[in-house]
Amino acid sequence: MSTRSTISKKAAIAEPDASARKRMTVPGFTARKGGAPLICLTSYTAHVAKICDEVCDLLLVGDSLGMVIHGMPNTLGVTLEHMIMHGQAVMRGADKALVVVDMPFGSFEESPEIAFRNAARVIKETGAHAIKLEGGTEMAPTIRHLTRRGIPVMAHIGLMPQAMNTAGGFKAVRSPEQFDAVAADGQAVAEAGAFSVVVEGVAPALAKRLTEELPIPTIGIGASADCDGQILVFEDMVGLLPRVPTFVKRYGTMEEMMRAAVAQYAEEVAERRFPAEEHTYKVKD
Ligand code: KIV
């Protein structure tokens, strides 16, 4: 008898398989601070969400969708309607991961009240569990306002793509003289009640410092393996986008696979080799 078949039925039932994984919650996510690394990816569509949901603790419907899906030059043109439509799609595909929707530029900065109105709309219309917003100390009052009114907030500090015009581009935080200000941003968003914080484009020493100093999980992108978790843009990670920033590791070659498939399809159509007989409907008697 194999070892496998000697495992009693009771033991087999007691061991939960991946499909029995419970949906990640906001408190559950925060409780992972300092524990096993938190696995996060962006998703913008139901099918991709379903794939990522199998392994991810958190799926972010990031405003990077403006560039990745809609071909915009940056994230500034993304609207609340874009975020809601993609948030709904991701919620249809994911049933295990915590789903967080980004607040687009212009939807939350004006006042905590406007931020609440727009964030509540995102939560109501998508069913997502939390929102993310960019900003440090200056956004702490807004984060406090939202979290005290039932809207969990993931903060985002360091390189903030929505601030590209004031920063003069996508500028990583690399000079030690900038570190204290970002550390103060981290303290401010954590004290205001953020359940986690994305740390983007910062030198590894700063990411490590933030991870050690903050009581909430730090989720790094272009930061350091010392963070409590990592996030990447799905399309970057699977090799679908031609630009490969320093912080991206390509785990796949989707662009090449898609180009090859499209080229073969075009060839077979041109030569009338597609559709073959097995792709056609038989006449019913
Ligand atoms: O919009 C996005 O995809 C993001 C991640 C890069 C963290 O904010």
Side-chain angles (χ1 to χ4, degrees), residues 29 37-45 48-49 52 56-80 82-87 89-90 94 97-109 119 122 126 128 130-136 139 143 152-164 167 169-173 182 185-186 189 194-202 207 210-211 216-224 227-238 240-241 243-251:
F29 194 86
L38 287 151
I39 302 165
C40 315
L41 280 171
T42 64
S43 295
Y44 315 127
T45 61
V48 167
C52 297
C56 283
D57 297 300
L58 179 147
L59 299 182
L60 172 68
V61 187
D63 65 348
S64 53
L65 63 80
M67 300 165 80
V68 176
I69 302 286
H70 296 275
M72 297 176 179
N74 53 55
T75 58
L76 301 179
V78 175
T79 65
L80 208 56
H82 286 129
M83 299 312 302
I84 289 171
M85 185 202 277
H86 289 280
V90 168
L98 188 71
V99 178
V100 178
V101 177
D102 239 347
M103 295 300 287
F105 178 65
S107 69
F108 63 96
E109 302 88 334
V122 168
T126 65
I131 59 96
K132 174 168 89 55
L133 56 82
E134 291 182 19
M139 278 301 140
I143 294 173
V153 177
M154 184 175 210
H156 182 152
I157 60 172
L159 189 163
M160 293 179 274
Q162 292 176 8
M164 61 170 289
F170 298 127
K171 303 273 187 223
V173 182
V182 179
D185 281 342
V189 300
F195 73 90
S196 176
V197 58
V198 168
V199 176
E200 178 167 358
V202 306
L210 288 163
T211 304
I216 54 175
T218 54
I219 305 300
I221 175 163
S224 153
C227 289
D228 295 299
Q230 300 296 324
I231 188 161
L232 280 178
V233 170
F234 174 82
E235 284 73 1
D236 278 338
M237 195 266 301
V238 296
L240 194 54
L241 301 180
R243 201 178 76 91
V244 191
T246 313
F247 58 85
V248 171
K249 178 171 176 186
R250 280 185 148 184
Y251 289 87

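All values reported here derive from a predicted model rather than from experimental measurement. Every number for a ligand or one of its atoms is a count from 1 in the order of the listing.
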**Request:** Report the residues that fulfil salt bridge (charged side-chain N to carboxylate O under 4.0 Å, His left out) with D236, sequence neighbours left out, ordered by chain and then residue number.
**Result:** none

**Request:** Mind listing the closest non-hydrogen atom pair of L38 and P217 along with its distance?
**Result:** CD1-CB, 3.7 Å

**Message:** Geometry only, no angles: is E200 polar-contacting ligand 1 at N/O separations under 3.5 Å?
**Reply:** no

**Request:** Quick one: closest heavy-atom pair of V248 and M237, and the distance?
**Result:** CG1-N, 4.4 Å

**Item:** Counterpart residues, side-chain hydrogen bond (donor to acceptor under 3.5 Å, both in side chains), relative to S196 (two or more places apart)
**Value:** none

**Item:** Whether E134 lies under 4.0 Å from ligand 1, heavy atom
**Value:** no

**Prompt:** If we only count N/O pairs under 3.5 Å, is T42 in contact with ligand 1?
**Reply:** no

**Atoms of ligand 1, numbered as shown, that sit under 4.0 Å from any heavy atom of H156** = 8 (O)

**Message:** Using 30° and 60° as the class boundaries, would you call the ring planes of H82 and H70 parallel, tilted or perpendicular?
**Reply:** tilted

**Message:** I need the contact type for L65 against ligand 1. Using non-hydrogen atoms and a strict under-4.0 Å cut-off, is it side chain, backbone, both or neither?
**Reply:** neither

**Request:** Report the residue from V100, V197, I131, V189 that forms a side-chain contact (heavy atoms from CB on, under 4.5 Å) with V153.
**Result:** I131

**Request:** Provide the number and element of each atom of ligand 1 under 4.0 Å from a heavy atom of G62.
**Result:** 1 (O), 2 (C), 3 (O)

**Request:** Please report the shortest heavy-atom distance between D57 and F29, naming the atom on each side.
**Result:** CB-CE1, 4.2 Å

**Prompt:** Hey, is ligand 1 close enough to S64 that some N/O pair sits below 3.5 Å?
**Reply:** yes

**Item:** Under 4.0 Å to a heavy atom of I221 - the qualifying atoms of ligand 1, by number
**Value:** 6 (C)

**Prompt:** Which residue supplies the protein heavy atom nearest to atom 8 (O) of ligand 1, what is that atom called, and how far is it?
**Reply:** K132 NZ, 2.9 Å

**L60 neighbourhood, listing ligand 1 atoms whose heavy-atom distance to it stays under 4.0 Å** = 2 (C), 4 (C), 5 (C), 7 (C), 8 (O)

